[in-house]
Amino acid sequence: MNDNFSASAGSQKEHIITGAFGAIIGTIPGLILWLLLSKIGFLSSLSSVLMIVGVILGYGKFNKDIGKKGAVVCLIVSVIMIYAATHLSWSFKVHSAAKGAASLKFCIVNLRVILKAAGLTVKFYGSLAMGYLISIVALVSLAFKK
């Protein structure tokens, strides 16, 4: 009986890992839209909604049930991917402003240092907070539509 329990617990862990993988893949369309819209100086709730829906659908595609652990995984993936989207969009802006003086890779890796030197750290975190806020509103509106 103890062997069945450990096998069951192991297979549950596998589902969470594959669900997390699906959630990450599910955010890619929202991430791409986020980056495209930020390129023209626009932060759209549409990209946030697409990212949140992608997390949920992606997790569900790779793991049939979204329980409490799945909800936590989706939340963690959402937080990480919204940070990644904000970080990448600001890296693209810095790279564009540098006009060839710095590579995109340099801008991505050293963004925090660049922002600090330019006095833009507060604006970056304000943008990140706005991204999280828009995503929370999107998530709440999706939750109430069910």
Side-chain angles (χ1 to χ4, degrees), residues 2-97 103-146:
N2 209 2
D3 290 336
N4 290 339
F5 178 77
S6 62
S8 170
S11 66
Q12 180 65 21
K13 186 174 183 179
E14 267 186 86
H15 290 295
I16 290 172
I17 291 170
T18 56
F21 179 72
I24 292 167
I25 290 173
T27 63
I28 292 173
L31 176 67
I32 291 169
L33 182 62
W34 188 301
L35 295 174
L36 290 174
L37 291 175
S38 72
K39 185 96 170 136
I40 59 172
F42 191 66
L43 180 60
S44 169
S45 60
L46 178 62
S47 57
S48 296
V49 169
L50 189 57
M51 197 174 286
I52 297 297
V53 169
V55 164
I56 294 167
L57 292 178
Y59 188 93
K61 184 77 171 171
F62 284 78
N63 190 10
K64 304 278 187 253
D65 185 30
I66 301 178
K68 289 178 186 176
K69 289 180 183 178
V72 170
V73 168
C74 288
L75 178 66
I76 291 169
V77 169
S78 297
V79 167
I80 291 169
M81 293 305 287
I82 290 166
Y83 178 83
T86 305
H87 186 93
L88 286 172
S89 67
W90 275 74
S91 297
F92 288 144
K93 289 175 188 177
V94 168
H95 178 256
S96 178
S103 70
L104 179 58
K105 179 182 176 185
F106 179 85
C107 293
I108 292 170
V109 171
N110 297 296
L111 183 65
R112 290 193 335 203
V113 174
I114 295 167
L115 292 176
K116 186 175 182 181
L120 295 172
T121 303
V122 172
K123 283 191 173 191
F124 171 81
Y125 285 111
S127 178
L128 180 62
M130 185 61 69
Y132 285 134
L133 180 64
I134 290 171
S135 298
I136 289 168
V137 170
L139 183 60
V140 169
S141 67
L142 285 172
F144 283 115
K145 283 188 177 184
K146 287 186 174 189

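Residues: numbered from 1 along the sequence shown. Values reported hereafter were calculated over all heavy atoms of this structure, with side chains retained and with hydrogens, waters and symmetry mates removed. These figures come from a predicted structure and were not determined experimentally.
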Flag side-chain contact, heavy atom, 4.5 Å: Y83 against V79: no
Rounded to the nearest 0.5 Å, how far does OH of Y132 lie from OG of S78? 9.5 Å
Please report the closest heavy-atom contact between G131 and W34, naming both atoms and the distance. CA-CH2, 3.7 Å
Which atom names give the shortest non-hydrogen contact between C107 and V94, and what distance separates them? SG-CG1, 3.8 Å
Of the non-hydrogen atoms in I82 and S135, which two are nearest, and what is the gap between them? CD1-OG, 3.0 Å
Starting at OH of Y59, measure out to CD1 of I25 and round the result to the nearest 0.5 Å. 14.0 Å
Please determine whether the number of non-hydrogen atoms from other residues, nucleotides or ligands lying under 6.0 Å from atom NZ of K93 exceeds 12. yes
Identified side-chain contact (heavy atoms from CB on, under 4.5 Å) partner of T27 from the options I52, V55, I32: V55
Could you check whether any side-chain heavy atom of R112 comes within less than 4.5 Å of a side-chain heavy atom of T121, counting everything from C-beta outward? no
Is the backbone N or O of K123 less than 3.5 Å from a side-chain atom of S127, with the two atoms forming a donor-acceptor pair by type? no
Output the distance between atom OG (S91) and atom CG (N110), rounded to the nearest 0.5 Å. 9.5 Å
Rounded to the nearest 0.5 Å, what separation is found between the CG atom of L33 and the CD1 atom of I28? 14.0 Å
If you take all heavy atoms of L88 and L35, which pair is closest and at what distance? CB-CD2, 3.7 Å
Drop me the distance from F124's CZ to S89's OG, to the nearest 0.5 angstrom. 7.5 Å
W90 vs I114 side-chain heavy atoms within contact, under 4.5 Å: no
Is any side-chain heavy atom of I134 less than 4.5 Å from a side-chain heavy atom of M130? yes
Quick one: CG on L111 to NE2 on H95, what's the gap to the nearest 0.5 Å? 13.0 Å
Taking every heavy atom of T18 against every heavy atom of F62, the minimum-distance pair comes out as O-CB, 3.1 Å
Closest approach of I16 to N63 (non-hydrogen atoms, all atoms of both residues): N-ND2, 4.1 Å
If we only count heavy atoms from C-beta on, is the F21 to V77 side-chain gap below 4.5 Å? no
